[in-house]
2 protein chains.
Amino acid sequence: MFGGFYLALKEAIKSTLVTQVIAQMKGLIEEGEWVVGTRIPPEPELVKQLGVSRNTVREAVQALVHMGLLETRQGDGTYVRSQSELGATLMRRLRRSGVEETLEVRHCLEREAARLAALRRSDEDVQILRLCLKLHDEAMRCRNIEDFLSADLALHHAIVAAAHNSVMLDLYDHMSEAVRASISSMIPKLDHVLVHRLLDLHHELVEAVIAKNAEAAEVAARKHDEVVQTMLQERATQESEA
Amino acid sequence: MFGGFYLALKEAIKSTLVTQVIAQMKGLIEEGEWVVGTRIPPEPELVKQLGVSRNTVREAVQALVHMGLLETRQGDGTYVRSQSELGATLMRRLRRSGVEETLEVRHCLEREAARLAALRRSDEDVQILRLCLKLHDEAMRCRNIEDFLSADLALHHAIVAAAHNSVMLDLYDHMSEAVRASISSMIPKLDHVLVHRLLDLHHELVEAVIAKNAEAAEVAARKHDEVVQTMLQERATQESEA
DNA sequence: CACCATTTGTTCGTATGTATT
DNA sequence: TAATACATACGAACAAATGGT
């Protein structure tokens, strides 16, 4: 990599107290200190910890609410709604379009990631990939839908992670999160033949990445996508019949 | 397309006055009523037009400021900083990584878009592509850097637009915007041989899309990417020499 | 340079509706 | 049902910064 060449930045100098608090709370959320779905400390607690006035805390909280990161419930408390601003914003944007468009972009990232992963994967990546594949096969036997979906997403995440491009990984993860509900509702009606074909392709894909064979990895990713496309079309015909 | 299958939505009912004002102002910005870089009406004016109190207006403005859409300057006014929330958020995220990562994802979208464009382009797309190519060649002769860059971006935008995937197009455009400054600073030092090779590839790419030849389009996009990679490496070596 | 109008920033107070206890 | 706490919205006054005369 040819380093030291970053995007032009303009902000930096602007820092009110509220802005700092926002940055700090956003940091806590994005670092995972404040877990999604849980309740954050009550306002008096935040006032003590951050050392600012209650008004400032309130203003920062409201800003984060409007950004989609937090959610306030009267008489209850404020909860974490999303782990990243990009995720929340992207989610709002993706909701305006059909799932097909999101899946198409997601696959596009996946295919390039497969190619790059074959070129760049580390030894540590290999270990993670093998582990994911093992869990994936086990979850398959248990036939628990949610567990299987989680294992599937973890495997694909690991492949994209092995490409070592953080922007690509972020976009991919957020898109996976966005389509998860849709996919989950789709799985129960699947053709078993296709599912097994999918599992074979997962093995083929991982092996290609481990073998550092970029072309094979890309081909496997493409075949994987074609199977998913077929599943979607089957589901569509089922829907129109019902 | 198999329609009527959208992402699960949760929000919907939450509507305070501030939220409504935020939505309204965001709409004005995204529709282009309030142009980027210009000043929006002063608070008293907004109070009259929207029929809410100044505090409510201020809260909405602050929310939009924290989202990156607006920028306030005391004693001067409030200015439009970005046209879309996704653009602003994505920009902040991309700033944290090197340009290389962004360019890599952008190329990935571009390649898939080229393939899809060849499959889906309409007759109207063809007209637009030919026009962009013509303007592109003319800008080339004038040797004005900014004009040439604009024509180049317009051409690539048209190709991605011809793929008819709005999510892909949005992401691509915002990434182009994010790297524009970096590319602009890179152009003056370019090798003329490479530039002409790039122009030839632009023609090859557009013709492939018009001919509905998906494989050729993807190949041309990949070759285009390789040339850009070469340019980046040349620039990197020049930097290290200086 | 001083002055002034404009515009945003800050901090009060008050009224009203709503959720929790 | 009554009491309490909180969120929301409005209004008003003053402070601070900017741009032009």
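To find a chain, count down the sequence lines: A is the first, B the second, and so on, and within it residues start at 1.
- Here B/Thr72 reaches the OP1 or OP2 of C/dG9: one of its side-chain N or O atoms lies under 4.0 Å away.
- A straight line from CG of B/Leu17 to P of C/dG17 spans 14 Å, rounded to a whole angstrom.
- Aromatic ring centres of B/His66 and A/His66 lie farther apart than the 6.0 Å criterion allows.
- Surrounding CD of B/Gln20 are more than 12 heavy atoms belonging to other residues, nucleotides or ligands, all under 6.0 Å away.
- Protein atom CZ of A/Arg58 is 16 Å distant from nucleotide atom P of D/dA5, rounded to whole Å.
- Between B/Arg120 and A/Glu104 there is a salt bridge, since at least one side-chain N of the basic residue sits less than 4.0 Å from a carboxylate O of the acidic one.
- For residues 46-54 of chain B, proximity to DNA chain D is found at B/Val52, B/Ser53, B/Arg54, defined as any non-hydrogen atom under 4.0 angstrom from a strand atom.
- Rounded to whole Å, the distance from OH on B/Tyr79 to C1' on C/dT6 is 12 Å.
- What you find for B/Cys132 and B/Ala158 is that their closest heavy atoms are SG-CB, 4.0 Å.
- Between B/Glu71 atom CD and C/dT8 atom C1' there is a gap of 13 Å when expressed in whole angstrom units.
- Spacing between atom CD of B/Glu45 and atom C1' of C/dT7 amounts to 13 Å, rounded to whole angstrom units.
- Considering only heavy atoms from C-beta on, A/Glu71 stays 4.5 Å or farther from A/Val65 through its side chain.
- Distance B/Arg39 CZ to D/dT18 P: 14 Å, rounded to the nearest Å.
- Taken from CE in B/Met91 to OG1 in B/Thr102, the straight-line distance is 10.0 Å, to the nearest 0.5 Å.
- B/Gln62 comes within contact range of no nucleotide atom at all, as no heavy-atom separation falls under 4.0 Å.
- Residue B/Val18 is classed as a sugar-phosphate contact, given heavy-atom separations below 4.0 Å to backbone atoms only.
- Helix bend of the helix from C/dA2-D/dT21 to C/dT21-D/dA2: the angle between its two end axes, each built from five pairs, comes to 10° after rounding to 10°.
- Between A/Glu146 and A/Arg180, at least one side-chain N (NZ, or NE/NH1/NH2) sits under 4.0 Å from a carboxylate O, which counts as a salt bridge.
- B/Asp76 comes within 4.0 angstrom of the backbone, heavy atoms only, and of no base.
- Atom CZ in B/Arg73 sits about 10 Å away from atom P in D/dT18, given to the nearest Å.
- One finds a side-chain N or O of B/Thr78 lying less than 4.0 angstrom from the OP1 or OP2 phosphate oxygen of C/dT8.
- Distance CD (A/Glu59) to C1' (C/dC12): 15 Å, rounded to an integer number of Å.
- A distance of 6.0 Å or more separates the ring centres of B/His156 and B/His136.
- Mapped onto DNA chain C by nearest heavy atom, B/Asn55 and B/Gly75 fall at different nucleotides, with B/Gly75 at the one closer to the 5' end.
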Taking only distance into account, with no hydrogens and no angle test, what donor-acceptor pairs under 3.5 Å do side-chain atoms of residues 169-178 of chain B form with protein atoms, sequence neighbours excluded?
unit_1: B/Asp170; atom_1: OD2; unit_2: A/Arg93; atom_2: NE; d: 2.8
unit_1: B/Tyr172; atom_1: OH; unit_2: B/Arg106; atom_2: NH2; d: 3.4
unit_1: B/Tyr172; atom_1: OH; unit_2: B/Glu110; atom_2: OE1; d: 2.4
unit_1: B/Asp173; atom_1: OD1; unit_2: B/His157; atom_2: ND1; d: 2.8
unit_1: B/Asp173; atom_1: OD2; unit_2: B/His157; atom_2: ND1; d: 3.1
unit_1: B/His174; atom_1: ND1; unit_2: B/Asp170; atom_2: O; d: 3.1
unit_1: B/His174; atom_1: NE2; unit_2: B/Ser84; atom_2: OG; d: 3.1
unit_1: B/Ser176; atom_1: OG; unit_2: B/Arg106; atom_2: NE; d: 3.0
unit_1: B/Ser176; atom_1: OG; unit_2: B/Tyr172; atom_2: O; d: 3.1

